[in-house]
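Structure, as structure tokens:
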There are 2 protein chains.
Amino acid sequence: MNNSVSIKDIAKKFKCAPSTISRALNDHPAINIETRKTIQEYALKVGYQKNTLSLSLLNNCSMTLGLVLPSITHYHESSMLEGMEEILLKSGYLLNICVSNESHTIEKEYIDRLLANRVDGLFISMAQESYDQQLGEHIDRVIQRSLPVIFIDRPNHGVASDRVVTDDYQGAFMATKHLIDMGCQRIAHLHGPSGISVSQQRFLGYQDCLIAHGRQVEADLIQYVHFSAESAIQATRILMQSDSKPDAIFGVNDEVCIAAMFVLREMGISVPNEVAIVGFDDIPLASFGHPPLSSVSRQSRKIGEEAAKLFLSKKDQKLEPVTISLDPKLIIRESSLRS
Amino acid sequence: MNNSVSIKDIAKKFKCAPSTISRALNDHPAINIETRKTIQEYALKVGYQKNTLSLSLLNNCSMTLGLVLPSITHYHESSMLEGMEEILLKSGYLLNICVSNESHTIEKEYIDRLLANRVDGLFISMAQESYDQQLGEHIDRVIQRSLPVIFIDRPNHGVASDRVVTDDYQGAFMATKHLIDMGCQRIAHLHGPSGISVSQQRFLGYQDCLIAHGRQVEADLIQYVHFSAESAIQATRILMQSDSKPDAIFGVNDEVCIAAMFVLREMGISVPNEVAIVGFDDIPLASFGHPPLSSVSRQSRKIGEEAAKLFLSKKDQKLEPVTISLDPKLIIRESSLRS
DNA sequence: CTGAAAGCGCTAACAG
DNA sequence: CTGTTAGCGCTTTCAG
């Protein structure tokens, strides 16, 4: 399957030692400048491509990184990936992407493969299953190898480790505060899947803000959803059909809020006047909702950039674990603007 | 950086040859079953992890693939990626992802890196720049190495090669036909970036359908956009402020249509009665638009699955180049339903 | 049943 | 300025 030409092949052609070719190709000053040129040209002509695998073996460094994510179809994740790519492109790294689909088994399998391929570092947003069942030994194993591991969004069960996150708690607090400021009295929450840090933090921010303003956290006002729009349909209906209807909804992400607005429209309930809405993530389509959706931006792309930079700064010198926490930004649009 | 234990280390511990350890770890029947067990247990205990790089070097096969995409933040791309992952997970492959950001230079750089890392195959959706400037030698070089290359969505300048695509032409034709059937007289098109196959095919389907129904293709009814929602704002305004307003819009993707509906709402123009709309891609949020957006589904996830399967079927036996063309599906929702 | 040796592609130390 | 040699981690003949 592989027709590739090696340094030895070139050496034969020039009737010299492989090391000479190696040096010439690497522009080693000890080699006659003329010879260097000739060899380089020939290499180019025959399409010589350095085999990095051999170097990885030699130098114990593969210039390859692993990224393990529960999914990739949400804007936040793919945008983060683009941020990482941008930084890593310049540093010569290649990124192995692995989608765990929230499964612990798959996550473990992928991590094994990444280790076998000797990635130089690992970025991971843990699968819900791993998180739920407190299964962390597969990752501890990686850390014990003193391989840099950087957690994204979801932490590693409180174990001190490098992390890049948005302050979800603060973002949720800000969103809830904003709804209170708008005069909303009964603020509901579309709660993300339990066990996931992102869901928990957003709920806590919501809860603490209510409490800080002398409000109750009412069980009726909380409905559990997944991160998909579909999952919010039923939840929103239940919310609005209850005896104690909310006059605001803070959703765990934008998708569920867009679905909620859809249901409200169907029910003839006006947004923001009867029900004000704030989402999370600030996906590009948020501003084109009906009405435009207020949302907490978590700077997805920047998370990726920061994670990549953190790795680059860590790879040489071992330092204490660092948590980079980005500030969320509340983007106020019509869906929560009451006059 | 790498504390990893090698087969040699284990051999020392057991005072035997590395080859014995290798065999034991691979469950070679020639090794005493007892010894095998003991060695395997020890390996597990000390966290031995096979170094796949050495095998790649040995077997000329890295179990690693490359995926080069112009971007990853659109649902179509990330969903396709998930489809690929699902298939490749079972076959033991790891996927290197590279986002070219439509730049030829970056694309080339990434392909070089992938080749240097000896990927066993390459999936690519060409950057617009490469496409525009007919720059294909970087990819021809890959093909000449007889490395399997599978084109996704965007073909390789008509050169026969393995491809997985949705039939964009047919999808556009169906969408346009549907608008005609709904009684629309002046069907506008939000045309994607020129030079990109996807844009061209969708335009051609639109054009040919109009012609097939005795309509004219009017320049006034065509506005160029990018694949982002923002880009459609201005385009839609121009369309609706012209002397010859359209009564339907077929957009190159769902994002631009959602933005178009937003502008129409602002202008007080009703959808679908004054202007009917059909998009492309059927993103998850399409059904939650106001009104729900009709769209042509291109089976994004399936494209990824088919591409992965195609690679797996090709890797052993060399066969003639194959084009897998998936049928698009028109999903009719309110945005185009006239009574 | 187990060991020794060669080799995948490359570089770097050491000689010439 | 260039060649020789060893070795990264592993498997696989070929011998014992």
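Naming convention: chains lettered A, B, ... in sequence-line order (proteins, then strands); numbering from 1 in each chain. Because only heavy atoms are used, hydrogens play no part in the values below, and waters and symmetry mates are left out as well, while side chains stay in.
- Atom CZ in A:Phe14 sits about 16 Å away from atom C1' in D:dC1, given to the nearest Å.
- Taking atom CD of residue A:Glu34 and atom P of nucleotide D:dC1, one finds them 11 Å apart after rounding to whole Å.
- One finds no salt bridge joining B:Glu77 and B:Arg301 here, because no Lys/Arg side-chain nitrogen approaches an Asp/Glu carboxylate oxygen to under 4.0 Å.
- The existence of a salt bridge linking B:Asp27 and B:Lys37 is excluded, since no basic side-chain nitrogen approaches an acidic carboxylate oxygen closer than 4.0 Å.
- Salt-bridge annotation for A:Glu41 and A:Lys45: absent, with no side-chain N of the basic residue lying under 4.0 Å from a carboxylate O of the acidic one.
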Contact string for nucleotides 6-16 of chain D, one letter per nucleotide 5' to 3', B = base within protein heavy-atom range under 4.0 Å, S = sugar-phosphate only, - = neither, reads -BBBBBBB---
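- Checking A:Tyr110 against B:Glu85 by side-chain atom types alone, a donor-acceptor pair falls below 3.5 Å.
- The shortest distance between side-chain heavy atoms of B:Asn117 and B:Thr64 does not fall below 4.5 Å.
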